Amino acid sequence: MSNISIKIKGFDSQEFPKGITPLQIMNDIKGVPKDTIICKVDGQLTDLSSNLNKNCELQFMDAKSKDGHSVLLHSTAHLMAQAVKRLFPKTKVTIGPFLENRFYYDFDVNSPFTEDDLLEIENEMMKISEENLEISHQEKSRNEALAFFEKIDESYKVEIINDLDKDETLKVYSQGEFTDLCRGPHVHSTGQIKHFKILSSSAAYWRGDEKNQTLQRVYGTSFQNSKDLKKYLQMLEEQKKRDHRKIGKELDLFFFDDEVGPGLPLWTPSGTVLIDELEALAKEKETANGYLRVRTPHLTKGDLFSKSGHLDHYMSSMFSPMDVDGIDYYMKPMNCPYHHKIFANTPKSYRDLPYRISEYGTCYRYEKSGELFGLMRVRSMQMNDGHIYCTAEQFKEEFINVCNLYMEYFKIFGIEKYEMRLSLHDPEGLGDKFIDNPTLWKKTEEDVRNALKGANLKFVESVGDAAFYGPKIDVQVWSSIGREFTLATNQVDFAIPERFDLTYTDKDGSAKTPLCIHRAPLGTHERFIGFLIEHFGGNFPLWLAPKQITILPVSDKFNDYAQQITTDLRTMGLRVSLDNRSEKIGSKIRDAEMQKINIMVIVGEKEVENKTVTVRRRFIKEQKEMSLNDFSNEILTEIKERRVSN
RNA sequence: GCCUGCGUAGCUCAGUAGGUAGAGCACUUCGUUGGUAACGAAGAGGUCACCGGUUCAAUCCCGGUCGUAGGCUCCA
């Protein structure tokens, strides 16, 4: 038998007999870490029980690495499936992939799992782990695999095999009595999976299609050691504390009311401050960038939305029409048709372009009840909307300027983790979800792609997520509880200007159709604020904070002085409250902390005598006694600069 | 919209094997006049989400509706 040469990472090259497995090598040589669960052969994740037949590079890996962790998660999903099959033998298994730090497995069961079921499953998993079953794999021909899964009545696996490429070699993994179709790789024994937890269960559709069978999805997580598991679970708890729905209630920012309706937020005085500040910021930036502000109605005849294509492509997201004098009127789901009307209202020449208009118009969209989610998904939403009408030559610069505006905003808020996504059409949806003009789709998508590349902006592409009238750049962010949302969007419209007969007179006197860029750099104010609440965990920077300052007299004796300070600061435009209850100063401070008020101003005998104030800022322990003038100058500057940290 | 869980005072939550409910915080009043994260006492507060059914009797059991949570689908 011939030998092969294997370069093991962290060791010298060695000769081994052909066909040896990494597992055997682990046992042969000293010093391979005990935590090894998987390996890479020439950079490819490979089962430890695979035979090595040629010279190669071998790297042993534990679950601390991202790749290693993904294998552990995946193997834990299998472990869970085995436990479910033991406890509920009639269950049919489907798929069980890994996600970042989590995994799930979808099961077809007669009745959904209860919480007790989940506990039992977890216990059974523990048992299987203790049994330390070897996980082996085998290659099977398509027919063998089909016969096997038909015999054990795993119809979903049969369906999966039937959909696979005919030439694909199939692998099955076995551990004890449980065998599953899987690409692998996996850890080599169930005993290597020890530190896991079932997180939740819910429903999911087979293959993500709502017309298909409803499956039960069980989510779980798994780590190399108990410390990492505990850390992850703690992080999940911490994330929950930042949930904008929770903080929104604690800080009394917004709420929903049964009698008003789901998805229709009511903004309290505190929450309204956030919106007002956001709007003030946007108005300032837009004025500087040459935008003109407009206002349009919330309600409109259906004809307008026929013309714009909304009734053909967007009706399922619109509220039902109402009859007004025998004519159908709709609540507006977007502002664009009105902006087009405003463009067309007076003749335009090339000298008027780019023509930039903006409006924070409230739109109404029918979101299915189960899709509503705090402020992140609502039915009445204020768009940070605007439209730019420009020539083809101006397109690139205008488009990139909008992208730059996003980044400027993100910088102001200190948002660092985001992803730009070029959302393209899916040819299969032409005519239905998307306007049927394949040539223009292609051209526009290419233009946008080139503009982004030309500006050196990093982006990913996503097919099928375009608007019905054109491709988009969406900026994706992740909320504190891990959900992904589109925060900002920038869309190109190649179709609608023509439908609205929008023209401008070019240099040569001919009438031309402008391009239209839809842009919403702050998305909707509801979602943006929902995101900001989580981003800051309710600890807003001073310029944004609903409650900037509270005045705390040490005792009732100093209430007059405190009242004077309050009035003075309010006159300067600051948001100031006065806590003149007959409480001890410690209690007033505690209450101010709970309300996350940025600055506490304490006044007592000393301050009255010296005509000063004592300033206590959140997160800064030491207090400073200063004149009111120095204090107000300092914070007015901080607010003017919109400083994120103090 | 779909599946499952949940809905008790303003908030966070107890509770009742079916006999119309309780705590802490918040609120109001009184006492206290205090120096950097909870001063003390008293009071007020709820058709137990809503509508039906079973029962002598329903907050509790059953059905429906609405809302909400976790997901799926969808989306700014």
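Values in this document were obtained by computation on a predicted structure and should not be read as measured data. Reckoned from all heavy atoms, side chains included, excluding hydrogens, waters and symmetry mates. Order of the sequence lines sets the chain letters (A, B, ...), proteins ahead of strands, with each chain counted from 1.
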> B:rC3, B:rA76, B:rC39: which one has an atom nearest the side-chain heavy atoms of A:K472?
Replying inline: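 Side chain of A:K472 sits closest to B:rA76.
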> Which sits closer to the 5' end of RNA chain B, A:K368 or A:V554, going by the nucleotide each is nearest to?
Replying inline: A:K368
> Starting at the 5' end of RNA chain B and moving along, which residue's nearest nucleotide shows up first, A:Q623 or A:D591?
Replying inline: A:D591
> Aromatic ring centroids of A:F531 and A:H244 under 6.0 Å?
Replying inline: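 No - the distance between ring centres of A:F531 and A:H244 does not fall below the 6.0 Å cut-off.
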> Should A:K241 and A:E238 count as an ion pair when the cut-off is N to O under 4.0 Å?
Replying inline: yes
>> Would the distance check show the side chain of A:K588 and the main-chain N or O of A:R581 forming a donor-acceptor pair, the cut-off being under 3.5 Å?
In response: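 A pair under 3.5 Å: yes.
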>> Rounding to an integer number of Å, can you tell me how far A:R377 CZ sits from B:rA76 P?
In response: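 Result: 8 Å.
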> In what stems does RNA chain B take part, counting only runs of at least 3 consecutive Watson-Crick or G-U pairs whose two distances fall under 3.5 Å?
Replying inline: B:1-7 with B:66-72, B:10-13 with B:22-25, B:27-31 with B:39-43, B:49-53 with B:61-65
Gap in Å between the two [atom1] atoms, one belonging to [N] and one to [M], rounded:
{"N": "B:rC39", "M": "B:rG35", "atom1": "C1'", "result": "15 Å"}
{"N": "B:rA44", "M": "B:rG22", "atom1": "P", "result": "13 Å"}
{"N": "B:rA9", "M": "B:rU47", "atom1": "P", "result": "9 Å"}

Using a cut-off of 4.0 Å on non-hydrogen atoms, how would the nucleic acid contact of [X] be classed: base, sugar-phosphate, or nothing?
{"X": "A:F255", "value": "nothing"}
{"X": "A:G208", "value": "sugar-phosphate"}
{"X": "A:R245", "value": "sugar-phosphate"}

> Would you call B:rG40 syn or anti, using the 90° rule around 0?
Replying inline: anti
> Strictly by modelled atom types, are A:Y360 and A:D385 linked by a side-chain donor-acceptor pair under 3.5 Å?
Replying inline: no
